[in-house]
2 protein chains.
Amino acid sequence: MKTKPEFKRSACAIANTLDILGDKWTLLVVRDLYLGKKTYSEFQNSAEKIPSNILAERLKRLQSAGIISKQSYQQRPVRYAYQLTEKGEALAPVLKEMVIWGNKFIPDTISMERVEKLLARQKRQKLT
Amino acid sequence: MKTKPEFKRSACAIANTLDILGDKWTLLVVRDLYLGKKTYSEFQNSAEKIPSNILAERLKRLQSAGIISKQSYQQRPVRYAYQLTEKGEALAPVLKEMVIWGNKFIPDTISMERVEKLLARQKRQKLT
DNA sequence: TTAGTTACTTTAAAAATGCAAGTTATGAAT
DNA sequence: ATTCATAACTTGCATTTTTAAAGTAACTAA
């Protein structure tokens, strides 16, 4: 028997990438993971305020696509941490190019580094 | 008076980029332009078979976002050609990284170069 | 016992998408 | 002159997806 490629729309790498990541929210979850966020509530608390049901659905899809994995990091009560797989980490260049493009062509947008700094400052203030 | 940034969701460059490009079709139109396609019917004839109303809407949005421009290249009958602006051309690295990622992690997807070769061959066969 | 947190699920309404068919302008073929 | 064909869209309608809001389960701390 032949192994059937079975593409959703075409064999194009871009089209197939968009079938996984092509919406307004999925790459923001990947971004958050890239910035060190790990839990459901951390994703929910990001500036864009992703709806809860969308977040749950996207986490499932990212998992079944092999881009993230989930593990419980404590029992009683059980709590979960998500993390990027190698496949997920490999999306960094896509995100980086989006930041470069956005910074250059959309006024007043901030870079990942800037976001990281803001996050770090927030974290410090929370701790003190 | 202050100039108001007025972001749709946040100041994040990725979020703002996704507000423009974050769906399953928009970047395929950009890809087609990048591969040398110019007209409405050429976009429609691409492998993914974008619905006609979606294509019309996306072309309008890409225009008002300053990513593409439109011009009539002949009268009687009037025919239109779309082209990438500088802002649109600058999306090439995003597309390239998507191709690299797709090729590495989604089995049997083909690269832009491969697509270009296939297109060139098709063109040659049509001409002879 | 009451309030709070985490990680979701459910519900109903609103918006976007997909499919098919229709429109306008024109030129080419019979 | 009439029919056929093409380019570039538009319209109508059913289906799917998104959104906001509220609800649930399992705990912990006061």
Side-chain angles (χ1 to χ4, degrees), chain A residues 7-10 15-16 18-29 32-33 36-65 68-83 122-123 126-127, chain B residues 7-10 15-16 18-30 32-33 36-65 68-83 122-123 126:
Chain A
F7 294 114
K8 278 172 279 290
R9 296 192 292 181
S10 76
N16 280 274
L18 291 175
D19 283 337
I20 301 173
L21 305 169
D23 69 88
K24 294 208 180 335
W25 294 109
T26 303
L27 280 176
L28 294 185
V29 176
D32 282 353
L33 284 158
K37 299 188 182 187
K38 292 166 176 19
T39 67
Y40 195 94
S41 53
E42 283 176 316
F43 304 143
Q44 270 191 302
N45 290 335
S46 288
E48 295 84 8
K49 293 286 167 284
I50 183 169
S52 183
N53 53 348
I54 302 278
L55 174 56
E57 198 266 345
R58 292 301 192 278
L59 288 170
K60 270 175 203 153
R61 286 189 31 207
L62 284 169
Q63 260 190 99
S64 60
I68 67 176
S69 62
K70 180 188 183 177
Q71 61 182 87
S72 63
Y73 64 89
Q74 69 163 50
Q75 299 297 326
R76 357 220 69 245
V78 63
R79 289 292 131 85
Y80 301 100
Y82 293 88
Q83 58 204 316
Q122 281 167 9
K123 225 170 241 176
K126 216 171 270 180
L127 289 172
Chain B
F7 293 114
K8 279 172 279 289
R9 296 193 292 182
S10 76
N16 281 274
L18 292 174
D19 282 336
I20 302 172
L21 305 169
D23 69 87
K24 293 208 181 333
W25 294 109
T26 304
L27 280 176
L28 294 185
V29 176
V30 176
D32 280 354
L33 283 159
K37 300 189 182 185
K38 292 167 178 18
T39 66
Y40 195 94
S41 54
E42 280 176 317
F43 305 142
Q44 271 191 304
N45 289 335
S46 288
E48 295 84 8
K49 293 286 166 282
I50 184 170
S52 183
N53 53 345
I54 304 277
L55 174 57
E57 198 267 345
R58 292 303 191 277
L59 288 170
K60 271 173 201 156
R61 285 189 32 207
L62 284 170
Q63 260 191 100
S64 58
I68 67 175
S69 62
K70 179 188 183 177
Q71 62 184 86
S72 65
Y73 64 89
Q74 68 162 54
Q75 299 300 326
R76 357 219 68 244
V78 62
R79 289 291 132 83
Y80 300 101
Y82 293 89
Q83 57 203 317
Q122 281 167 10
K123 223 169 245 179
K126 213 169 273 181

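This is a predicted model, so every value here is computed, not measured. A, B, ... follow the sequence lines: proteins, then strands. Residue 1 opens every chain.
Atom P of nucleotide dT6(C) and atom CD of Gln75(A) are separated by 17 Å, given to the nearest angstrom. Counting to the nearest Å, the P atom of dA20(D) and the CD1 atom of Ile50(A) are 11 Å from each other. Here dT17(C) presents its C1' atom at 16 Å from CG of Leu18(A), a figure rounded to the nearest Å. Straight-line distance from the CZ atom of Arg9(B) to the C1' atom of dT18(D): 12 Å, rounded to whole Å. Taking atom NZ on Lys49(B) and atom P on dA20(C), their separation rounds to 14 Å, with Å as the unit. Look at CD1 on Ile68(A): it is 13 Å from P on dA7(C), rounded to the nearest Å. Look at NZ on Lys24(B): it is 9 Å from P on dG18(C), rounded to the nearest Å. Following rounding to the nearest Å, Leu55(A) (CG) and dC8(C) (C1') show an atom-to-atom distance of 9 Å.
Overall bending of the helix from dT1(C)-dA30(D) to dT30(C)-dA1(D), expressed as the angle between end axes built from five pairs apiece, is 10° (10° steps).
Remark: Glu57(A) pairs with Arg61(A) by the side-chain contact (heavy atoms from CB on, under 4.5 Å) rule, at least two apart or across chains. Applying the side-chain contact (heavy atoms from CB on, under 4.5 Å) test to Ser41(B) and every residue at least two apart in sequence or in another chain returns Thr39(B). Under the side chain to side chain donor-acceptor pair (under 3.5 Å) criterion, Gln63(A) pairs with no residue, sequence neighbours left out. The side-chain contact (heavy atoms from CB on, under 4.5 Å) test applied to Ala56(A) returns Tyr40(A), not counting sequence neighbours. Applying the side chain to side chain donor-acceptor pair (under 3.5 Å) rule to Gln71(B) yields the partners Gln83(B); only residues at least two apart in sequence or on another chain are considered. In this structure Asp19(A) satisfies the salt bridge (charged side-chain N to carboxylate O under 4.0 Å, His left out) test together with Arg9(A), sequence neighbours excluded. Shown here are the side-chain contact (heavy atoms from CB on, under 4.5 Å) partners of Gln75(B), two or more places apart in sequence or in another chain: Ser72(B), Val78(B).
Residue Trp25(B) has no polar side-chain atom (N or O) positioned under 4.0 Å from OP1 or OP2 of dA16(C). Using a 4.0 Å cut-off, some side-chain N or O of Arg58(B) falls inside it from OP1 or OP2 of dT17(C).
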B/S/- contact track for nucleotides 4-14 of chain D, protein heavy atom under 4.0 Å: ---SSBBBB--

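Minimum atom distance to the side chain of Ile54(B) is reached by dG18(C), of the listed dG27(C), dT19(D), dG18(C).
Within the 4.5 Å cutoff, side-chain heavy atoms of Leu59(A) are placed close to those of Ile68(A).
One N or O on the side chain of Gln74(A) and one on the backbone of Pro77(A) form a donor-acceptor pair closer than 3.5 Å.
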